[in-house]
Engineer: 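Just passing along the structure, written as structure tokens.
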2 protein chains.
Amino acid sequence: MIRDHLRDAIVDRRLAPGTKLNEAEVGTLFDVSRTVVRAALQALAFEGLVKTERNRGSFVANPTPDEARQVFASCRLIEPGLAPAAAQQMTTSEVAAFRERLHHESDLLNQRGPTARRAEIHASGDFHLLLAKIAGNTILLRFMEELVARSSLVIALYGRSGASSCGHGDHGNILSALEAWDGEQAAQLVLAHIDHIEADLDLRATGNLTPRRAGHPGDGVPIVSGDYDGQRASTKQF
Amino acid sequence: MIRDHLRDAIVDRRLAPGTKLNEAEVGTLFDVSRTVVRAALQALAFEGLVKTERNRGSFVANPTPDEARQVFASCRLIEPGLAPAAAQQMTTSEVAAFRERLHHESDLLNQRGPTARRAEIHASGDFHLLLAKIAGNTILLRFMEELVARSSLVIALYGRSGASSCGHGDHGNILSALEAWDGEQAAQLVLAHIDHIEADLDLRATGNLTPRRAGHPGDGVPIVSGDYDGQRASTKQF
DNA sequence: CGTGCCGAAATTGTATGCAATCTTACCGGT
DNA sequence: ACCGGTAAGATTGCATACAATTTCGGCACG
């Protein structure tokens, strides 16, 4: 649960890359002991969202441009392979879920404000996860969860356009191909979509090289808003 | 470190699938507190080698035939994509490392006894990891580490022929293609190799359905042999 | 003024203690 | 004999305590 909240905060950029995640501080924030915090941090370290250095602590990941490229290279390998499987196995109710999510997405797209933007980013990520879920391979689904989370961080770091990446209506096209049972076409569209996203990035050696003055957790936007009553869905982006 | 030892034990089948991993017991075995054991178990749960149930404990994973198929489906997606990248980036020293590993492998193939068999399995897995390492994508490398470990478990569970899977000389052919810079060919050979491996499996609904009498850790072959002085390389198989 | 060293404070790594939950064995009832 | 309930034991989840390591400020020295 704490892990999910921290992941949200990282992906949302409420925790700046490079920020030190003090175990005691985070523990106080969520009102749990360091034991639980350590478990959450270990989990996030696995997902690549935080980097842990022995005897020094954990830090929000600050992916280099090279790592960013690796994230998208991995996506390019896995996601197009998901599409044909999804096209085969998709049920009508899943199509409905997809459509609903798309509407939600475009709604958010038309709203203003950072909250809507964040929600849009999450919804957009969930699109990709839904694709993976329908494909039916739980291992690849988990890989995609990690890749989506990491790509969110990358986009937050290197993204150029405010409306980053998802204004093209790519998702709609992909869904259409899926509905037409055309896995091949869907795979192609997915690839093109990833190209679009990566094209919106500015990966010129900045980022990690600037040892940014990373604030404490608690400076900017609050990490835990109100009561964290759990039951939060996955929260990623593309 | 404890994580690596446990992983070795699981992959080697010294810990039978389904075996309960009692925190206190494992802690005594390695002479550490439960805290450390829990961290190791959490890590292995992430890799899919142990399953943890809340308030009930951790158990060595007992993959179903369906999970097994998912493992290989994932491999089929990722590994062929690795081959072209590896073919491009391979240096002469890496070729040498490959050749050496291959010789080592065939040496082990000609030996008898369970020790040699295990070493062969490990070496065989390392071949695949070396491929991923050369491809240069650390994220995909980590995915492959997980897939190789899981496939080892699957082969241990469902493998049919004793000389499982790797007598074909597939590895040699793959290396040849890589040396010829023929990434396309290498990818094809990798796919064929995965087919060979999966063909050697017997995935007919047994396995998880038989709630096997899982022994305690400590029954069969010892889990920790002598002093566990760390510095053990990765230890997987194909 | 800059540099290196030392000690205090802070932070992480590990062990241990306690409460909550699950497992198991026993026991009475049917 | 079988079944359900219950209490004791065992095991996990979490919090806390302590040791090891790092970080940071001050101070002497060049």
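Numbered from 1 within each chain, the chains take letters A, B, ... in sequence-line order.
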Engineer: Test of understanding: with salt bridge (charged side-chain N to carboxylate O under 4.0 Å, His left out), list the residues that count as partners of A/E198, not counting sequence neighbours.
Structural biologist: A/R76
Engineer: Along nucleotides 7-15 of chain C, 5' to 3', which nucleotides get a B, which get an S, and which get a -, given that the test is a protein heavy-atom distance under 4.0 Å?
Structural biologist: ----SBBBB
Engineer: Once side-chain contact (heavy atoms from CB on, under 4.5 Å) is applied, do any residues pair with B/T91, and if so which ones, sequence neighbours excluded?
Structural biologist: B/S93, B/E94
Engineer: What is the distance, to the nearest angstrom, from the CD atom on B/Q42 to the P atom on D/dC14?
Structural biologist: 11 Å
Engineer: Does the plane of the ring in A/F30 sit parallel, tilted or perpendicular to the ring in A/H5? Use 30° and 60° as the thresholds.
Structural biologist: perpendicular
Engineer: Please work out whether the ring planes of A/F46 and B/F46 are parallel, tilted or perpendicular, with thresholds of 30° and 60°.
Structural biologist: parallel
Engineer: Could you check whether any side-chain N or O of B/E100 sits under 3.5 Å from a backbone N or O of B/A97, counting only pairs where one atom can act as donor and the other as acceptor?
Structural biologist: no
